[in-house]
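The structure displayed is predicted, hence computed values, not measured ones. In what follows, chains carry the letters A, B, and so on, assigned in the order in which the sequence lines appear, proteins first and then strands, with residues in each chain numbered from 1.
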Amino acid sequence: MKTKILILTIVIFGGITILFDACKKSDEHAISSGYHPTYLTFKIPAGWPTPPIDIFKNNPLTEEGFQLGKKLFYDGRLSKDGNFPCASCHQQFAAFSTYDHQFSHGFNNSFTFRNAPPLFNLAWMKEMHWDGGINHIEVQPLAPITDITEMAENIENLLKKLSIDTAYPRMFAAAFGDTTINSQRMLKALSQFMGSIQSFNSKYDQVKRGEASFTLAEQNGYTTFKAKCNSCHTEPLFTDNSFRNNGLSLDPFLKDIGRMRITGKPSDSLVFKVPSLRNIQYTGPFMHDGRIFSLLQIVTHYQTGIDITQPTLDPLLKNRLSITNQEKVDLVEFLQTLTDDTLLHDKRLVEPK
Amino acid sequence: MSGLFLSNCNKTTTPKTGTIKISFRNLVGTQPILLDSSIFSNKFGEKYSITQLKYYISNICLINDKGKVTEKESYHLINQSLPASLSFTFTVEENSFSSIQFLIGVDSLRNVSGAQSGALDPLNDMFWTWNSGYVMAKMEGVSPQSNQVGSKIAYHIGGFTGVNSVLKTVQLDFPIGKKLLVEQGKVNEINLEADLNLWWQHTNNIKITELPVCTTPGEMAKKIAENYSAMFSIKEIVNN
C-alpha cells in the first residue's frame, strides 16, 4: 500500500464520508499491492534542448504503460467501425505519417481535412496539429477519436469496447495498478506510447556525433540549409515549434486559415506550425494540405513560389529565398540525410501480435 | 461515532472538522426548470425551452474577516439532468464564514494539464477536442425565434486564455448578520439560486433572433459569460 501514488483514507464519520488525502500525489484509484511496474527513463539526446514541459511528470513512463499505449494505437476498435486505428493514418514506415497520401482516409469514405503529420519527438512539441489547437499530448487523441472524418467514435462507447476485451483489463492493471478502464488512463497510455517515439539516429545525427561523414553534396546542402532554412526549421529538432506563414496561397476549396481558426486573430491568418524536416523523405506529400509532392518542388516554392502579397507572410521570406539550382540539388541531398532508419524499423514500435 | 484513522504520514492531532453542503437551484425568474418541457420567456419576449444545462463551479473558497479556506480539488459540474450533481459536500476545519467565492468554469491551469478525471473527464462532453479547453457553461434548447435547423439554440461558452477568457469569479456575501458555522458532526448548508434569464440580459443584450448559436471562444462568448456571472444569489444559509 506504500506506493508513490495517492493514498486515500476513507473515514466514515457520523454517516458522512470524508476524504483525507495524505502526503503524496494523486490518482483516484486505490492501488493493489501487486503493482510493480517497470519504470522507464525518457532519454534526451546529448546536446538537445530540454522539452518545454515534462510530459511524463504526471504520467510516469513505464514498460506496461507503453505496451498498453501501443496496443491502443494499433487497435481498430478505437474507431466506430473498427477500420481506422491511429496506425491507419500514422504508419511506421512513413515515420508515422500517412504514406503517399495528400489526405488520409477516415470513417465513412471521408478524407481528413489536413495532411497527416509524422509522429516523433512529440515531447518537444508544446502545441499540436497544424494550427496548434491541441495544448497537451494527452488530450490530442480525443480529436481523431471523435472527429467524424477520422475515427467517428465516442469515448463512452470506446471504453465499453475496451472493458469487455479479454486483454485490456489486465493491461490497464499492469500499467496503472487496477483494472479500472477510464478515459484518463487510456489517454495517458496513448501518450506514453506516442511520446516515446523518438528520432535521433539519422545520418545527420551520426555525422554530428562523429560516427559518419557527409558527402560533398550533403555538406554543401547543409551549408545552404543553415543559411536559408534553419531559422525556422531549427536543428536539432528541425523545427522551432513556432507558427508562421511560409507564403502558400489560400486554397479556395479548403479555405484553411490555419492558426486563426484557434486564436481568432487576423495576424494568425494562413499561419501554420513549422513542421520538423526529420524523415522528410518519407512524409510527403508536403505542407498542411499536402499540396507539394517533391522536395525539389519544395525548394522551388521558397525560390519563386512564395506569395509575397500576404500581409501575414513571415518577414524572413518577404524577398523569397535566393537559392541557385546547384544549391537546390545539394539541399535535397542534405534533407535526405535526415531519414532515421532506426525509427522506421524500430521493432519496439511495431504492431503487437 | 466511528473512529478516525489516518494514513502513514506523520500527522499530529486532527483538527475538528465539519461538513458544508452547497446546493444549486436553477430557475428562470422564479420558475423551476423542467428540461424539454417548461417554456420560458426572456426580457425581449423571446420564448425558449431548455434541453440541456451544465456549468462548472470550481475553486470554491469560504471567506471570513481573517482570510479564506479553499476546497481541495474543487471541481464540480452542475448538470440539470442529474439531480445528484446539484449539490455536494466537503469538509473544513471548524470556523465561521461570511461569504463564498467560486469560479464559473475551469481555471486556465487545468485547461492545459492533459487528461483529467472526475468532473473534468472529457466523457462529460464539456471538452473541445479540436481546440483544447473546457466548455465552461453550456445551454441548449429550442426557440421559435431561432433560425437554426429544428429551431435549436446552443450556447457553449468557453475560452480561457488572454482576451478570450470567459472565466468569472463570483463572490457572494451571506445575508447581513448571518454567518455560516462549521461545526463538528454537523452538515451546514449554503443554498444558491441561479436565474438563467440573466444569460440574455444583464450588462449585454443577447437576443435569440440575433444569436441562436455561440459555440466558439470570442467576443460573444465573453458577453454571455459577463451576463451569467451575475445569475447567482444566496437563497439561504442553514446552520443545523
Side-chain angles (χ1 to χ4, degrees), chain A residues 1-2 6-24 26-29 53 55 57-59 113 126-129 131-147 154-156 159 182-188 190-191 261-265, chain B residues 1-11 14-21 71-73 89-92 108-125 127-134 159-164 183-187 216-222:
Chain A
M1 208 29 222
K2 279 178 196 159
L6 156 92
I7 301 156
L8 278 180
T9 310
I10 296 166
V11 183
I12 305 301
F13 189 76
I16 300 141
T17 307
I18 303 170
L19 302 178
F20 283 94
D21 68 334
C23 353
K24 286 283 166 108
S26 71
D27 176 286
E28 293 69 28
H29 300 277
I53 62 160
I55 59 167
K57 186 166 165 240
N58 296 316
N59 183 20
F113 177 51
K126 200 155 172 281
E127 281 133 340
M128 305 200 159
H129 284 192
D131 56 20
I134 309 289
N135 66 27
H136 196 289
I137 186 172
E138 287 175 14
V139 296
Q140 191 284 332
L142 294 168
I145 292 171
T146 58
D147 192 310
N154 76 59
I155 306 293
E156 203 170 348
L159 295 176
N182 61 26
S183 70
Q184 189 181 42
R185 288 178 169 190
M186 176 189 72
L187 294 168
K188 284 186 183 282
L190 273 169
S191 164
R261 182 168 173 241
I262 302 303
T263 62
K265 289 189 201 144
Chain B
M1 213 176 278
S2 51
L4 292 179
F5 69 98
L6 283 171
S7 49
N8 56 355
C9 47
N10 26 344
K11 279 206 180 138
T14 328
K16 287 183 178 175
T17 58
T19 301
I20 301 300
K21 179 176 180 189
E71 185 195 12
K72 272 193 194 160
E73 262 309 291
T89 60
F90 58 92
T91 58
V92 275
S108 54
L109 183 63
R110 282 300 171 101
N111 277 274
V112 298
S113 302
Q116 305 292 317
S117 61
L120 302 180
D121 193 316
L123 264 183
N124 295 320
D125 203 18
F127 190 79
W128 275 314
T129 57
W130 55 275
N131 182 3
S132 313
Y134 285 93
F160 62 90
T161 48
V163 293
N164 282 338
E183 299 162 289
Q184 188 163 31
K186 288 196 176 161
V187 186
T216 49
E219 215 39 55
M220 295 319 287
K222 279 168 61 179

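- A/Ile155 pairs with exactly one of B/Asp125, B/Asn124, B/Asp121, B/Leu123 by the side chain to side chain contact (heavy atoms under 4.5 Å, CB included) rule, that one being B/Leu123.
- Heavy atoms from other residues, nucleotides or ligands lying under 6.0 Å from NZ of B/Lys222 number more than 12.
- Under the 3.5 Å distance criterion, the side-chain polar atoms of A/Asn135 are left unmatched by any main-chain donor or acceptor of B/Gly133.
- Of the atoms belonging to B/Phe127, it is side-chain heavy atoms, and not backbone ones, that fall under 4.5 Å from chain A.
- Between chain A and the residues B/Gly159, B/Gly218, B/Pro122, the most heavy-atom pairs under 4.5 angstrom are made by B/Pro122.
- Considering only residues two or more places apart in sequence or on other chains, B/Glu219 meets the salt bridge (Lys or Arg N to Asp or Glu O under 4.0 Å) condition with none of them.
- In this structure, B/Ser132 and A/Val139 approach most closely via the heavy-atom pair OG-CG2, 3.7 Å.
- Of the residues listed (A/Asp147, A/Ile134, A/Ile262), the one engaging B/Trp130 in a side chain to side chain contact (heavy atoms under 4.5 Å, CB included) is A/Ile262, and it is the only one.
- Counting heavy-atom pairs under 4.5 Å between each of B/Thr161, B/Thr216, B/Asn111 and chain A puts B/Asn111 at the top.
- Using a 4.5 Å cut-off between heavy atoms, A/Ile145 makes no contact with chain B at all.
- Heavy atoms closer than 4.5 Å to chain A are found in both the backbone and the side chain of B/Asn131.
- With hydrogens and angles disregarded, a donor-acceptor distance shorter than 3.5 Å links the side chain of A/Glu138 to the backbone of B/Ala115.
- For chain B, no part of A/Ser191 is nearby; none of its heavy atoms comes within less than 4.5 Å.
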